[in-house]
Amino acid sequence: MGGLLVPPLWGVLADVLRARLPLLRLACLASGLSVLLFLPRWRLAGWIGAWPCSPVFRSPIVALTDATAVDALGGRDLGFSHIRLWGSAGFAVAALGSDCSTRLTALRCWC
């Protein structure tokens with residue numbers, strides 16, 4: 001539900017304040033901090049606090065990132081497709097790299 005209702009509110013706030021990049025930074029920071037509430041140390045109270053906070057701060061990140069990229073391109077429409085293409089390729093390389101590093105680390109720990 002938060003992923004459906006919250007991003008438009010962030011978009012309106014970003015447009016009214018004309019502050020996409022600062023709000024993007026705030027959303028990333030708050031999203032990262034809210035995930036820390038899921039640590040076992042916080043127990044049930046942390047889960048109850050993180051459950052509504054995490055989606056509220058995580059949901060606008062993609063939309064704000066896309067809007068910031070389009071603003072940075074100016075009037076060059078074709079540039080955004082290249083950004084999406086190389087962003088997807090970079091994500092795939094990072095995912096494969098983290099999988100390989102996790103497997104290598106796990107093997108070293110058990111040997």
Side-chain angles (χ1 to χ4, degrees):
M1 190 65 123
L4 182 64
L5 300 176
V6 174
L9 297 176
W10 278 85
V12 168
L13 185 64
D15 290 342
V16 167
L17 297 177
R18 296 178 190 255
R20 283 190 184 122
L21 191 57
L23 285 177
L24 176 61
R25 290 176 180 152
L26 173 69
C28 289
L29 178 67
S31 177
L33 292 175
S34 69
V35 169
L36 293 176
L37 293 174
F38 285 114
L39 290 173
R41 176 180 176 210
W42 291 96
R43 298 196 175 136
L44 183 60
W47 282 80
I48 291 171
W51 178 68
C53 290
S54 185
V56 165
F57 293 116
R58 188 195 53 195
S59 61
I61 291 175
V62 172
L64 287 173
T65 302
D66 287 347
T68 303
V70 169
D71 280 348
L73 288 172
R76 298 173 292 179
D77 292 334
L78 294 176
F80 187 68
S81 62
H82 289 103
I83 289 174
R84 293 297 299 240
L85 171 70
W86 290 109
S88 297
F91 178 80
V93 168
L96 289 172
S98 77
D99 179 54
C100 291
S101 68
T102 302
R103 290 174 189 254
L104 288 174
T105 304
L107 289 175
R108 287 185 191 153
C109 291
W110 291 106
C111 293

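Ala30 meets the side chain to side chain contact (heavy atoms under 4.5 Å, CB included) test with Phe57; sequence neighbours excluded.
Contact between Ser54 and Ser34 at its shortest, heavy atoms only, is CA-OG, 3.4 Å. Here the closest non-hydrogen pair linking Pro52 and Val56 is O-CG2, 3.1 Å. When all heavy atoms of Ile83 and Ala69 are compared, the closest pair comes out as CD1-CB, 4.2 Å. The nearest pair of heavy atoms linking Trp10 to Leu64 is CE3-CD1, 4.1 Å. In plain terms, the two heavy atoms of Ser98 and Ala95 that are nearest each other are OG-O, 3.1 Å. Listed here is the closest heavy atom pair of Leu21 and Thr68: CD1-CG2, 4.1 Å.
How far CG of Leu24 is from CG of Leu29: 11.0 Å, rounded to the nearest 0.5 Å. To the nearest 0.5 angstrom, Arg43 atom CZ is 10.5 Å from Arg41 atom CZ. Between the SG atom in Cys28 and the CG atom in Leu23 there is a gap of 11.0 Å [rounded to 0.5 Å]. In this structure, CG on Leu36 lies 12.0 Å from SG on Cys53, to the nearest 0.5 angstrom.
In the hydrophobic clustering of ILVMFWY residues, with side-chain heavy atoms under 4.5 Å counting as a link, Val12 and Val62 come out apart. Both Leu17 and Leu26 are members of a single hydrophobic cluster when ILVMFWY side chains are connected at heavy-atom separations under 4.5 Å.
Residues Leu5 and Leu9 form no side-chain contact, since every pair of their non-hydrogen atoms from C-beta on lies 4.5 Å or further apart. Within the 4.5 Å cutoff, no side-chain heavy atoms of Leu37 are placed close to those of Trp51.
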